[in-house]
Protein chains: 2
Amino acid sequence: MDTTKKRHTDNKEADILHAAEREFLSKGYAGARTTAIAEAAGVTHAMLHYYFRTKEQLFKRILDEKLRLMGQSVLAAFGQPELPLMARIKDGIERHFDFIAANPELPRFIVNEIFAHPERYELMQENIRVLLNPLQYSLQQELDESAARNDTEPIDARMLLIDIISLNVFAFIAFPIIQPLLGDLTADREHFFAQRKQENIETIMRRLKKL
Amino acid sequence: MDTTKKRHTDNKEADILHAAEREFLSKGYAGARTTAIAEAAGVTHAMLHYYFRTKEQLFKRILDEKLRLMGQSVLAAFGQPELPLMARIKDGIERHFDFIAANPELPRFIVNEIFAHPERYELMQENIRVLLNPLQYSLQQELDESAARNDTEPIDARMLLIDIISLNVFAFIAFPIIQPLLGDLTADREHFFAQRKQENIETIMRRLKKL
DNA sequence: ATTTGCATTAACAAAATTGTTAATTACATA
DNA sequence: TATGTAATTAACAATTTTGTTAATGCAAAT
């Protein structure tokens, strides 16, 4: 029926939210145009103000959802405590990588908007902390136990998570820059990112292994 | 004499460029205001158009300079071929890290603006490639020789560089997000980044070492 | 001293962008 | 069917933002 990507439903409020997500994610708050959102949603731009009052309020709806999604993705990726440590971490890297691959615009969007307006972030902070603190502690405990058994190197769980997220996220963020520089390597996008995934797993596993 | 940060010289063109750099780096092209640039530079905004015609042309001056700087920083960091391989790479990581630490806004700026307008990047691409290709080849050659001697693990030089740049850049990009989540760890900013630097070196050295 | 050319300003203008409002339509329910 | 509420539109308005222009200043060369 509808061959276009943007399926307009009978729910204009949802259509606007959907169009806003695309506009804000790709252009950021400053670059986004409410008129463009309305047009993409197939409504007059007065409707946008009718449902969401202001650009800022509409934006906040999107940002909050994406912040929650980002936090949950980390939790979902590493929250498999039944596995042994190394398997748990390897599995976590893969899940987290796959999530970023499925949402490649998300990290840049969040990083930018938090940087531009840190105060927007303040309300969400506590929620995310509550979500991620238990993960941090359970992971740290496992790491400490494993290190005590001399199975792996001792490491701060937070540093390890930053390592993993750095490796998983950066290639997606920087892809438009490195692609023209590494033409052949990145020619097949799927293959390049499959390689990156393996490289990240290898790098982190080696970070933890006893030498 | 002048206790303010923005030293206005007798050269208004330079003052505008300096103010434009600060505005564009912190807000991006879409968020930057030419009136704010003119005000920060202490000139009427007509002067901005007199010297640079359009916002776009002024922006391009800044972007080109920053792209060149970013490319040169990688070259300068790893272009010390007299050292043995592991020392060369460790030294490169440190130099590159220090450059990012001294220019923490740069990666986000470049990543964003290239993503928003890839066509702006086309002219610079070839310059950067010419700059970085010799580095890539000399590094690959050393890596291959070292691996042939069974001193280190075999690895693609481009993948290694992406690993290093990912680790070095991401903590700076994401700092506003992780700081509120990891309050105590990041309380002393200097100390946190000193730790990150050591962590990155450790991670990459282990990536290369024979097990 | 006059001319010439660049630098500078104030005022203006055009377009874009966000937001409002009053009138109209659709729709459910009494 | 009448009525009340929500949805929708077109027109308007305010502000912001980029860019132009014509007049003026200023300093060096003729």
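Every chain is numbered from 1, with letters handed out A, B, ... down the list of sequences.
Residue A:H45 has its side chain nearest to C:dT20 when only C:dT9, C:dT20, D:dG19 are considered. Closest to the side chain of A:K12, out of C:dT18, D:dT8, C:dT20, is D:dT8. The side chain of A:A46 sits closest to C:dT21 out of D:dT20, C:dT21, C:dG19. With D:dA11, C:dA10, D:dT8 as the choices, the nucleotide that has an atom nearest any side-chain atom of B:T44 turns out to be C:dA10. For A:R33, the side-chain atoms get nearest to C:dT18 when compared with the rest of C:dG19, D:dT18, C:dT18.
To the nearest angstrom, C1' of D:dA22 lies 16 Å from CE of B:M47. The distance between atom NZ of B:K55 and atom C1' of D:dT20, rounded to the nearest whole Å, is 18 Å. Between the NE2 atom of B:H49 and the C1' atom of C:dA14 there is a distance of 13 Å, given to the nearest Å. For A:R53 and C:dT18, the CZ to C1' distance is 13 Å, given to the nearest whole Å. Across the protein-nucleic acid pair, B:F24 atom CZ and D:dT17 atom C1' stand 13 Å apart, rounded to whole Å. The distance between atom CG of B:L58 and atom C1' of D:dT17, rounded to the nearest whole Å, is 15 Å. Going from atom CG of A:L48 over to atom C1' of C:dT20 covers 13 Å, rounded to whole Å. Atom CD of A:E39 is separated from atom C1' of C:dA16 by 14 Å (rounded to the nearest Å).
Within the 3.5 Å criterion, the main-chain N or O of B:H96 finds no donor-acceptor partner in the side chain of B:N168.
At the heavy-atom level, A:A32 lies under 4.0 Å from the strands shown only through sugar-phosphate atoms. Residue contacts for B:F52: at a heavy-atom cut-off of 4.0 Å it reaches no nucleic acid atom on any strand shown.
Of the side-chain N and O atoms in B:Y50, none sit less than 4.0 angstrom from OP1 or OP2 of D:dT20. Between B:T34 and the phosphate of D:dT18, there is a side-chain N or O to OP1/OP2 separation shorter than 4.0 Å.
Between A:F175 and B:F115, every side-chain heavy-atom pair lies at or beyond the 4.5 Å cut-off.
Ion pairing of B:E56 with B:R120 is present here, as a side-chain N (NZ or NE/NH1/NH2) and a carboxylate O approach within less than 4.0 Å.
B:N200 pairs in a side-chain hydrogen bond (donor to acceptor under 3.5 Å, both in side chains) with only one of the listed residues (B:R196, B:E202, B:K197, B:Q198), which is B:R196.
In this structure, the ring of A:F172 has its center less than 6.0 angstrom from the ring center of A:F97.
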